[in-house]
Each structure stands twice: as C-alpha cells, then as structure tokens.
> 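Before anything else, here's the structure in question.
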Amino acid sequence: MARLKIKEILKSGKAGDEVVAKGWVRTKRGSKNVNFIALNDGSTIHNLQIVVDVESFDEALIREINTGASLAVTGTLVESAGSGQNIELNAKEIELLGKADPEKFPIQPKKHSLEFLRENAHLRFRTNTFGAVFRIRHAMAFAIHKYFNEKGFNYLHTPIITASDAEGAGQMFRVSTLDAKNPPLTEEGTIDYSQDFFGRPTNLTVSGQLEGELGALALGEIYTFGPTFRAENSNTTRHLAEFWMIEPEMAFYDLKDNMDLAEEFLKSCIKYALDNCMDDLKFLADRLEQEEKNKPQDQRSMPLIEKLQFVLDNDFIRLTYTEAIDILKNSKPYKKNQFQFPVEWGIDLQSEHERYLVEKHFKCPVILTDYPKDIKAFYMKQNDDNKTVRAMDVLFPQIGEIIGGSQREEDLVKLETRMNEMNIPVDEMWWYLDTRRFGSVVHSGFGLGFERFILFVTGMGNIRDVIAFPRTPKNAEF
RNA sequence: UCCCUAGUAGCUCAGUUGGUUAGAGCGGCGGACUGUUAAUCCGUAGGUCGUAGGUUCAAGUCCUACCUGGGGAGCCA
C-alpha cells in the first residue's frame, strides 16, 4: 500500500479508503479505551487525527508514541465522530519509526517563545509557525522564478566569491586559504596575497549587480537569486550577515520601467501567496491577531491577509526625494520637533522619516526616486540637474526599504568621472566599464531582500525567524 | 558599534523596602476517565537563581565587569 501525504489525505481521502500515513506526532491524548494522535508530515499545517483503539495495540508501543516521535500508520479512513476534522484514520497497524524521549525532546505541545525556538532552530520546523513560514518561503522562491521566467528573464548565477571590493555595499567577509596564524608576508611586511588561492584578495559577494549588468547587456533581461554576505555588525530585526537577494537587471529599461517592474513583481508574488498559501497565511494571521491583542489599539497593524490584499489593490505612491523632504518639513512631527534627526535636503532619510511617509502620511507602499547623488552609489544614472541620481527605493510599512535600485549610468565619461570623485579604482573595474565602451545602452535594475519580503508576507517580526539558520554577529550555530 | 532591557525548574513567568526551608502555570512521570481537539481531574519529581568578583551579620534581590538573549538606533536588502 502506498504512503499518502497528509495534505492529500485531508483533501481527497474518502471514508473506507485504506491508507498509509507517515509523520511526526504533535500530541497524543485520550482515555482508557481510545487514544488520539495528531500526526503531521509537513505537507500541510493541518494534522491527521489517528484514532487508536488501545486494546488492539501493545501497551509498550503506545507508551512510546510521544510528542516528536515518528510513525507509519496503516488503517482505514472514517468520517470523524468528533468535531474539528472531517476525516480521521482508524489505525490498524502502527510502526514506531523513531522514538522521541519526552523528557528530552524540547518542543512541547504548548506555545513556545520565538527566542527559545531560535535556539532550537534544528527542531523548530516541527512547529506550526515555522512549518507555515518555511512553506511560504518556498512558495515565494518559486513565485519569483515563475514570474521572471514568464517575463523572459534569464536566471544568471553570478559569483559568490569576488575579487572586486568596489561595490561599496558594505563590509565583506574575506575568503582565503592562507594560514591565519602565519600568513606569508611581502618584503614590506604586508600579507602576500599572491600566494593565496586566487593569487589576490577575495571576498564573499555583497551583490551580484555589477556582474548582473554584464549579463543584461547581452541577454536583455536577467535576474540573480542567491546568497549575499555582509560583515556589518548589525544587530536588528531586519539584518542578516548571510541573506538571499533577488537582483533583476534589464537592458533598455529606464527608471519608470524599473519602477513598473518592481511593483508588478512584488504584487505578482503576493498574489501567488494569497492564491496558494491560504492555510498557512490564515494560521499566521490568527497568531498575529493573538499577539496584537496585547498591544494598545492605536499600535495595532492591519490584519495580515487584509494587508496583503491592500498592497495588491493599490498603486504604490511614487514621488521624488525632493517632494518627500517637502512633505516631511510640513509634517506635524517635524513642526512639533518630534523627529530625532534633522530633515534637510541632502541628508539620507532616517527610518523615522521613511516610517512617517509610509505608515502615517500615505498609508501605502511608497517608491522614492531621484535622491541626492552624494548619498547614493557611483553607478547610478546622473540627472541633468547635476544634483540627483535616478535611484529608487521601495518602502514598505514595518519593513522599511524592501527594494533599492536605479537606472544605471551608461555614459562612460560621466561614469568614470564619478568613480574618480568617489575614489573607486577605475583600473580594476575595466571589465565593468567595457560595457559602456562597447554598445552601451540605457539599463536599470534593483535588489530585493528576500527575507525582508518574507517578513512582510508572513507578518513575522524578526528576520531571524524567516531564514532556516540565521547568521548574525556572534551567531553561526547549526 | 551605541542606548534601553532581561537572564530564577524542561518551557513561560512570579519572587515585597536585602531577612528562615525559592513559588505558580504548562510540560514530564504515576494514576483516573467510553471520542479527545494545546483534553480534563488527582498525585508526584524537578532549581549551583547567566558567569566572576565585591558590599553586608545576611544577596535571587544592591554594586562592578564580562557573557548571552530581546527591543530601539546606525549601516543597509
């Protein structure tokens, strides 16, 4: 008899069907004559209820069916006599696949704190919350590939190890096979990287963008979707040292095309979640609602599913940095001196400013464009005003910046001039500049932080709870 | 990295202005119960109070340093 997944059994199983189900015990309860086992195999958030007639099984076996143990159950599906489920499995045969010592198994059939589960990240998949989060995470990864594939984009694998440190996107992790205790030295006493594996200093990538541009300026549209590493000492609910990023790069796209793509892309993925992950979303929404009950009324956010639907139904507000500064200067908190940081044209917007725009003023996702060139990267397309660049940041409620992107500077002279101004080594970047030397075209791209997006879709509050094994300062367990 | 905050039983927490033998709920274990839904009821075991120093007749409680977690900020995705 073939094993059926619990999702399949609950969806199309009929009373009288003989089936085999395999999974892990969530709870066991019952009385002298009958026991009920909630069995979960990860295929769905819902459990299959196994009904055990105590008299027909070995007492020792039943004693070992504890929370966390794995079972193979053969039996007949019947309509449930109890409420709470339509169908349940009457056990004929139970095989204990793997025991779980109830005194040692850390996941109990009760509510655990997210902090505790983070310390047990190897077992937290076995909870409803993390089951839901990781099924949704998978669905979103799939939705991203589906979206770009249908749009004719090519999935480009840009390198994880890079020798370029010119990207300016943050501190990098060094990659080396040199002896850390006794590295070979040059005559000047510095580390001799010519003896290192690559014959030069190398690091883990902080962005695939520059290589992505090379691909786009031949293939037309590409996207990357891979791990990204930042050695920043960031300790927040929105930062990881190792995270996943999606970076589309498109030839012949100007900033407006770029914004249109970003908005359509985000909406398409959110729609996929609503269409395909409703069971998990409902669970997370309920969980969130319980948590929100402890908060004062005015601090509560929109229910999860409503929030996703809202983003889907409304156009993102688009405005320039300069317009945003004007709005901030005319805002109540500015006039009442409630902002901690100054608001002045030329400053980088602080989270409090972004949050005001998104959560208070517009109450809607916002795309800010045309930032001062001095607070943005060298590769961004310079505007004619000589003050701003064609940058765009997509700001989401609670998350803040979820996408950062720009139209890229395609003019060789302007780009080189800017690189010199910003002390970017032009020589080392010969390969990047070659795209501007040979058949340069208008092009654009952006980066989406995958985990930040998952935060938004799942309503989770800490980025460490939407990646399986988070890497953060002082933490690389598992 | 900075600011705030916390660390007491397997988990979530209480522990009074410093004062005898450190408490509860949940979980575990034993028992009861004819179908339960985080079952219920009765009973029971379980603690070097984050670590190291200090103040004091006396420290879970006060002080200092360090470690770890959480929240916020910066950096950014």
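Chain naming here is simple, since letters A, B, ... match the order of the sequence lines and numbering starts at 1 in each.
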> Which one is paired to G25(B), where only Watson-Crick or G-U wobble pairs with both distances under 3.5 angstrom count?
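The answer is C11(B), by the H-bond criterion.
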> Would a distance-only check, ignoring hydrogens and angles, find a side-chain to backbone donor-acceptor pair under 3.5 Å from E409(A) to K381(A)?
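Pair absent, no side-chain N/O of E409(A) close to backbone of K381(A).
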> For the pair D17(A) (side chain) and V19(A) (backbone), establish whether a donor and an acceptor sit closer than 3.5 Å, ignoring hydrogens and angles.
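Looks like no, no N/O pair under 3.5 Å.
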> Could you give the CZ-to-P distance, from R238(A) to G70(B), as a whole number of Å?
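One finds 14 Å between P of G70(B) and CZ of R238(A), rounded.
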> Given Y223(A), which partner from the list F148(A), F446(A), F265(A), F450(A) fulfils the ring pair (Phe, Tyr, Trp, His ring centres under 6.0 Å) test?
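Result for ring pair (Phe, Tyr, Trp, His ring centres under 6.0 Å) with Y223(A): F148(A).
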> With the sugar-phosphate defined as primed atoms, P, OP1 and OP2, and the base as all remaining atoms, what B/S/- string results for nucleotides 25-38 of chain B, 5' to 3', for protein heavy atoms under 4.0 Å?
BBSSS---BSBBBB
> Would you kindly give the CD-to-P distance between Q171(A) and A77(B), to the nearest whole Å?
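Going from CD in Q171(A) over to P in A77(B) covers 15 Å.
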> Quick check against the 3.5 Å criterion: does R471(A) have a side-chain atom that pairs as donor or acceptor with the backbone of F243(A)?
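No.
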> Contact class for N462(A) (heavy atom, under 4.0 Å): base, sugar-phosphate, or nothing?
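Sugar-phosphate, backbone atoms only, no base.
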> Could you label the plane-to-plane angle of the F339(A) and Y356(A) rings as parallel, tilted or perpendicular, counting under 30° as parallel and over 60° as perpendicular?
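If you compare the ring of F339(A) with that of Y356(A), the planes turn out perpendicular.
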> Mind checking the P distance from C67(B) to U51(B)? Whole angstroms is fine.
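Going atom to atom, P in each nucleotide, I get 16 Å.
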> Could you please name the option among A73(B), G71(B), C76(B) that lies closest to any side-chain atom of H239(A)?
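From the listed options, C76(B) comes nearest.
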> Using the C1' atom as the point on both nucleotides, what is the distance between A45(B) and U64(B), in whole Å?
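Rounded to whole Å, the distance is 38 Å.
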> For E115(A) and G449(A), find the nucleotide of RNA chain B closest to each by heavy atoms; which residue's nucleotide sits nearer the 5' end?
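The 5'-side residue here is E115(A).
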> Using a cut-off of less than 4.0 Å, is there contact between a side-chain N or O of S351(A) and OP1 or OP2 of G72(B)?
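So the side-chain polar atoms of S351(A) never come under 4.0 Å of the phosphate oxygens OP1 or OP2 of G72(B).
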> Rounding to an integer number of angstrom, what distance separates U61(B) and A9(B) when you compare their P atoms?
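Approximately 15 Å lies between the P atom of U61(B) and that of A9(B).
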> How would you label the contact of R26(A) with the nucleic acid (heavy atoms, under 4.0 Å): base, sugar-phosphate, or nothing?
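Nothing, no nucleic acid heavy atom in range.
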> Any strand counts, and the cut-off is 3.5 Å on both contacts for Watson-Crick or G-U wobble. Which nucleotide pairs with C33(B)?
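Pairing partner, where one exists within any strand: none, as none qualifies.
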> Taking the ring of H353(A) and the ring of F341(A), is the distance between their centroids below 6.0 Å?
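Not close enough - the centres of the two rings lie 6.0 Å or further apart.
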> State the pairing partner of A6(B); accept Watson-Crick or G-U wobble contacts with both distances under 3.5 Å, and report none otherwise.
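Partner of A6(B): U68(B).
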> Do K329(A)'s NZ or CZ and the ring of W345(A) fall within the cation-pi criteria of under 6.0 Å and 45°?
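No, K329(A) does not lie over the aromatic ring of W345(A).
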> With a 3.5 Å limit on both atom pairs, tell me what C62(B) is paired to, counting Watson-Crick and G-U wobble, or say none.
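By the stated definition (distances under 3.5 Å), G54(B) pairs with C62(B).
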> Provide, to the nearest angstrom, the distance between the CD atom belonging to E451(A) and the C1' atom belonging to A77(B).
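Taking CD of E451(A) and C1' of A77(B), I get 9 Å after rounding.
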> Between U40(B) atom P and K28(A) atom NZ, what is the distance in whole Å?
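Going from K28(A) (NZ) to U40(B) (P), I get 16 Å.
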> Taking C42(B) as the reference, what is the distance to C33(B) when you measure between their P atoms (whole Å, please)?
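After rounding to an integer number of Å, I get 16 Å for this pair.
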> Check this for me: does the side-chain of S234(A) come within 3.5 Å of the base of C75(B) through a donor and an acceptor?
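Between C75(B) and S234(A), which were checked side chain against base, a qualifying N/O pair under 3.5 Å is present.
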> Would the H157(A) and Y155(A) ring centres measure less than 6.0 Å apart?
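Under 6.0 Å, so yes.
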> Taking atom C1' in both C62(B) and U16(B), what distance in whole Å separates the two?
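C62(B) and U16(B) have their C1' atoms separated by 15 Å.
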> How would you label the contact of R355(A) with the nucleic acid (heavy atoms, under 4.0 Å): base, sugar-phosphate, or nothing?
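Sugar-phosphate, no base atom in range.
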> Using Watson-Crick or G-U wobble geometry with both distances under 3.5 Å, which nucleotide pairs with U17(B)?
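Pairing partner, where one exists within any strand: none, as none qualifies.
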> Work out how far the P atom of G15(B) is from that of G60(B), and round it to whole angstrom.
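After rounding to an integer number of Å, I get 16 Å for this pair.
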> Measure up the F378(A) and Y432(A) rings against each other and bin them: parallel (under 30°), tilted (30 to 60°), perpendicular (over 60°).
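Ring orientation of F378(A) relative to Y432(A): perpendicular.
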> May I have the distance from L349(A) (atom CG) to C75(B) (atom C1'), rounded to whole angstrom?
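Rounding to the nearest Å, CG of L349(A) and C1' of C75(B) are 15 Å apart.
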> Select base, sugar-phosphate, or nothing to describe what I399(A) touches, counting heavy atoms under 4.0 Å on all strands.
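If one applies the 4.0 Å heavy-atom cut-off, I399(A) turns out to touch nothing in the nucleic acid.
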> Scan L240(A) against the nucleic acid and name what it touches under 4.0 Å (heavy atoms): base, sugar-phosphate only, or nothing.
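Base contact - L240(A) has a heavy atom under 4.0 Å of at least one base atom.
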> Map P473(A) and E401(A) onto RNA chain B by nearest heavy atom, then report which one ends up closer to the 5' terminus.
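Taking each residue's closest nucleotide, the earlier one in sequence belongs to P473(A).
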> I need the CZ-P distance between F341(A) and C2(B), as an integer number of Å.
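Between P of C2(B) and CZ of F341(A): 16 Å.
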> How many Å lie between CD on E119(A) and C1' on G50(B), as a whole number?
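It is 12 Å, rounded to the nearest whole Å.
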> If we take the C1' atom in both A32(B) and G70(B), what is their distance in whole Å?
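Those two atoms are separated by 43 Å.
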> Taking atom C1' in both U21(B) and A38(B), what distance in whole Å separates the two?
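Comparing C1' positions in U21(B) and A38(B) gives a spacing of 35 Å.
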> Measure the distance from CD1 on I463(A) to P on C76(B) and round it to the nearest whole Å.
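Taking CD1 of I463(A) and P of C76(B), I get 16 Å after rounding.
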> For T27(A) and R29(A), test the side chains for any donor-to-acceptor distance below 3.5 angstrom and give the result as yes or no.
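Short answer, yes.
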> Any N or O donor-acceptor pair under 3.5 Å from the base of C11(B) to the side chain of H112(A)?
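No such pair is found, so the answer is no.
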